Amino acid sequence: MTRPRSRCMGALRAFRRRGLYANLWGDFMVPFGTAAIEPAWGAGLADEGRARGFAERGGAEPVAEAMQRRRDGVAVRLRAARPVAPASPQPAGAEEQEEVSMARELEACGWDKFAVAFSETGSLFPMAHNKIAALSREGWRQILFSWLERTWQGEELMDDIASYVLGDGEPSPRDETRPKRSAPPRSGP
């Protein structure tokens, strides 16, 4: 799939620009290292502790308010990110070597990386996974999960992602004059 001349890689390279959006912390299903093609990052349990290192990487544009958990959204932008030397020795296992090889080939496409932060998530409350996509449930699932997941907090991020994909603009920090969205109305009995 990630061989340089494969159809999959040709399709990825056909896009004028490529962007990765990854939860910087609080995503127990897809940790930052996986979503951002950073195999040396680790398993995700220490994502919060590593966040500053990503923000300080060469070419990174940190957004202080998001890094300090004062607002939700893009916390770090890394334009056309290129591979960096792994911080730790190469993994020894064949499966891990394959992951590193796949990551190297994917990185060669060039990606804009957007590390996303949600102020209410973290290692102790890892509920960012469904927020990044602003997952919307219906019926009893909305009633049961909306208070816990608070996925509406990802709606403004989805607006920024749409602008990036369509080329209308760049993801930007939330305009503080724009009213914050709140919980959707409860439905049902």
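Computation of the quantities below employed the complete heavy-atom set of this structure, encompassing side-chain atoms and omitting hydrogens, waters and symmetry-equivalent molecules. Owing to the predicted nature of the structure, the values given are computational and were not obtained by experimental measurement.
Neither side chain, N130 nor T151, offers a donor N or O lying under 3.5 Å from an acceptor on the other.
R69 places a side-chain N or O within 3.5 Å of a backbone atom of T121 that can act as its donor or acceptor partner. A donor-acceptor pair is defined here as one N or O able to donate and one able to accept, closer than 3.5 Å; such a pair exists between the side chain of R50 and the backbone of W41. At least one donor-acceptor pair closer than 3.5 Å links the side chain of K113 to the backbone N or O of A36. A distance-only check finds no donor-acceptor pair linking the side chain of R13 to the backbone of R16 [under 3.5 Å].
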Kindly determine whether D27 and F32 satisfy side-chain contact (heavy atoms from CB on, under 4.5 Å), including the steps that lead there. CA-CA 7 Å; D27 190 335; F32 181 79; over 6 Å; no
side-chain contact (heavy atoms from CB on, under 4.5 Å) assessment of L20 paired with I37: CA-CA 9 Å; L20 294 173; I37 312 176; 3.7 Å; yes
Working for side-chain contact (heavy atoms from CB on, under 4.5 Å), residues M9 and L106: CA-CA 8 Å; M9 293 300 285; L106 286 168; 4.0 Å; yes
What do the steps show when you test E120 against R150 for salt bridge (Lys or Arg N to Asp or Glu O under 4.0 Å), and what is the final call? CA-CA 9 Å; E120 295 180 357; R150 300 174 184 234; 3.6 Å; yes
Verdict with supporting geometry, E107 and E38, side-chain contact (heavy atoms from CB on, under 4.5 Å): CA-CA 9 Å; E107 282 278 4; E38 299 277 337; 4.2 Å; yes
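Closest approach of L12 and C109 over heavy atoms only: CB-SG, 4.2 Å. Listed here is the closest heavy atom pair of R141 and R137: O-CD, 3.7 Å. Nearest heavy atom pair, residue A51 against residue M67, reads O-CE, 3.9 Å. Between R17 and S163 the shortest heavy-atom distance is NH2-O, 3.9 Å. Across all their heavy atoms, A66 and A117 have their closest contact at O-CB, 3.8 Å. When all heavy atoms of A60 and V76 are compared, the pair lying nearest together is CB-CG1, 3.8 Å.
Hydrophobic clustering of Ile, Leu, Val, Met, Phe, Trp and Tyr side chains at less than 4.5 Å, counting indirect connections, unites V165 with M158.
To the nearest 0.5 Å, atoms CD (E61) and CG (L78) are separated by 8.5 Å. The CZ atom of R71 sits 6.0 Å away from the CD atom of E65 when rounded to the nearest 0.5 Å.
At least one test fails for R79 against the ring of W111: distance under 6.0 Å to the centre or angle within 45° of the axis.
In M29, the CE atom is not crowded: 12 or fewer heavy atoms of neighbouring residues, nucleotides or ligands sit closer than 6.0 Å.
Side-chain contact check for F118 versus W25: every heavy-atom pair is 4.5 Å or farther apart. Put simply, the side chain of L157 does not reach to within 4.5 Å of the side chain of F114, judged on heavy atoms.
Looking at residues two or more places apart in sequence or on another chain, you find no side-chain hydrogen bond (donor to acceptor under 3.5 Å, both in side chains) involving R18.
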